[in-house]
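Working notes, structure below.
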Amino acid sequence: MRLLTHNFLASNVRGVSTGYPLALEVAKSSIKEVELNADFLRGILPKLDWRALVAAASAAGFPDLLAAEQPQEAELFADGAADAEGSAIRRLHHALLEIHVDEGALVCPDSGRSFPILKGVPNMLLHEDEVRH
């Protein structure tokens, strides 16, 4: 599961008011390099919860990868930034698309319900008594 996926998942357990952001517990992770796509990052950036992404990167073992505050678009997408090692856009790309959680869990902040991540796939299925009717 990429951290990009984590940023959009929420718990839908009955009685939960927000269920977001899910806490991330990482037992095993891996890095899978992919080509940087600045247009994709520019499009997804407004949809991201930056604080949740920073917390997920930290939980995955990268506490200093992202700045606490979201960088300005001018910094992220400056000419040549995508080619500069260690630039803000490279760090964002790495966090969203290259860090994979292979084993672990997602934990609902409201209910404490744990959803397992096995072989990189989060299992968000609810038990019968957890379903909203």
Side-chain angles (χ1 to χ4, degrees):
M1 177 189 77
R2 292 178 171 156
L3 298 189
L4 172 62
T5 303
H6 168 266
N7 205 264
F8 291 97
L9 293 176
S11 172
N12 287 313
V13 173
R14 182 186 333 191
V16 168
S17 58
T18 60
Y20 184 86
L22 296 167
L24 181 61
E25 296 176 350
V26 179
K28 180 182 173 190
S29 65
S30 60
I31 304 297
K32 298 176 183 171
E33 292 185 16
V34 295
E35 187 174 332
L36 189 145
N37 182 332
D39 290 333
F40 172 78
L41 293 174
R42 185 185 310 274
I44 202 72
L45 189 62
K47 299 170 179 75
L48 292 176
D49 181 323
W50 188 263
R51 288 189 184 124
L53 179 60
V54 171
S58 183
F62 299 89
D64 300 322
L65 181 61
L66 299 171
E69 297 298 320
Q70 182 174 322
Q72 297 295 315
E73 282 198 36
E75 176 188 353
L76 284 168
F77 303 106
D79 288 339
D83 298 322
E85 198 64 36
S87 65
I89 192 170
R90 283 238 167 243
R91 293 190 315 271
L92 174 62
H93 164 79
H94 184 65
L96 286 175
L97 301 170
E98 295 184 329
I99 298 171
H100 288 252
V101 178
D102 300 317
E103 309 289 331
L106 299 167
V107 181
C108 176
D110 296 335
S111 69
R113 166 72 150 81
S114 181
F115 300 94
I117 303 168
L118 302 171
K119 297 182 182 177
V121 179
N123 182 346
M124 301 293 291
L125 293 175
L126 300 177
H127 302 289
E128 184 64 31
D129 62 334
E130 296 173 321
V131 178
R132 297 178 189 178
H133 294 294

Check: Are the side chains of E103 and L118 in touch, meaning some heavy atoms are under 4.5 Å apart?
Finding: yes
Margin query: Is there a continuous path of hydrophobic side-chain contacts, each under 4.5 Å between heavy atoms, that joins L126 to F8?
Written below: yes
Can you give me every donor-acceptor pair (side chain of residues 41-66, partner residue at least two apart or in another chain, under 3.5 Å) with its distance?
{"residue": "K47", "atom": "NZ", "partner": "G43", "partner atom": "O", "Å": "3.2"}
{"residue": "D49", "atom": "OD1", "partner": "R51", "partner atom": "N", "Å": "3.2"}
{"residue": "D49", "atom": "OD1", "partner": "A52", "partner atom": "N", "Å": "3.0"}
{"residue": "W50", "atom": "NE1", "partner": "A67", "partner atom": "O", "Å": "2.9"}

Next item on the list: Measure across H6 and L106 and return the closest heavy-atom pair with its distance rounded to 0.1 Å.
Entry: CD2-CD2, 3.4 Å
Check: Between R2 (side chain) and L97 (backbone), is there a donor-acceptor pair under 3.5 Å?
Finding: yes
Check: Taking only residues two or more places apart in sequence, or in another chain, which ones meet H93 in a ring-ring contact (aromatic ring centres under 6.0 Å, His included)?
Finding: none
Notebook entry, point to check: Shared ILVMFWY cluster between L3 and F40, side chains joined below 4.5 angstrom?
Noted result: yes
Note to self: To check you understand the geometry: which heavy-atom pair defines the closest contact between D102 and S30, and what is its length?
What the structure shows: OD2-OG, 2.9 Å
Next item on the list: Please test F77 against D39 for side chain to side chain contact (heavy atoms under 4.5 Å, CB included), starting from the C-alpha separation and ending with a verdict.
Entry: CA-CA 9 Å; F77 303 106; D39 290 333; over 6 Å; no
Notebook entry, point to check: Looking at residues at least two apart in the chain, or sitting in another chain, which of them share a ring-ring contact (aromatic ring centres under 6.0 Å, His included) with F115?
Noted result: none
Next item on the list: Output all residues satisfying side-chain hydrogen bond (donor to acceptor under 3.5 Å, both in side chains) with R91, sequence neighbours left out; order by chain, then residue number.
Entry: none
Item checked: L9 side chain reached by P122 side chain, heavy atoms, under 4.5 Å -> yes
Margin query: So, taking the atom named CD1 in I99 and the one named OG in S29, what distance separates them when rounded to the nearest 0.5 Å?
Written below: 7.5 Å
Checklist line | Any side-chain heavy-atom pair of E98 and V34 under 4.5 Å | finding: yes
Notebook entry, point to check: Minimum heavy-atom separation for I89 to L36, with atom names?
Noted result: O-CD1, 4.0 Å
Item checked: Under 3.5 Å: donor-acceptor pair, side chain of S87, backbone of A84 -> yes
Note to self: Checking S114 now: which residues fulfil side-chain hydrogen bond (donor to acceptor under 3.5 Å, both in side chains) with it, not counting sequence neighbours?
What the structure shows: none
Next item on the list: Indicate the atoms forming the closest heavy-atom contact of R90 with A81, along with that distance.
Entry: CG-O, 4.3 Å
Next item on the list: Before giving the answer on side chain to side chain contact (heavy atoms under 4.5 Å, CB included), spell out for V16 and R113 the whole-Å C-alpha distance, their side-chain angles and the decisive distance to 0.1 Å.
Entry: CA-CA 10 Å; V16 168; R113 166 72 150 81; over 6 Å; no
Next item on the list: Heavy atoms only: give me the nearest L125-N123 pair and the separation to one decimal.
Entry: N-OD1, 3.0 Å
Margin query: Test your reading of the model: is there a side-chain donor-acceptor pair from Y20 to the backbone of P109, 3.5 Å cut-off?
Written below: no
Next item on the list: Please check if V13 and V107 belong to a single hydrophobic cluster, counting links between Ile, Leu, Val, Met, Phe, Trp and Tyr side chain heavy atoms closer than 4.5 Å.
Entry: no
Check: Taking only residues two or more places apart in sequence, or in another chain, which ones meet N37 in a side-chain hydrogen bond (donor to acceptor under 3.5 Å, both in side chains)?
Finding: none
Notebook entry, point to check: So do V101 and T5 actually touch side chain to side chain, heavy atoms under 4.5 Å?
Noted result: no
Check: Passes side chain to side chain contact (heavy atoms under 4.5 Å, CB included), L24 versus I117? Steps please.
Finding: CA-CA 10 Å; L24 181 61; I117 303 168; 3.9 Å; yes
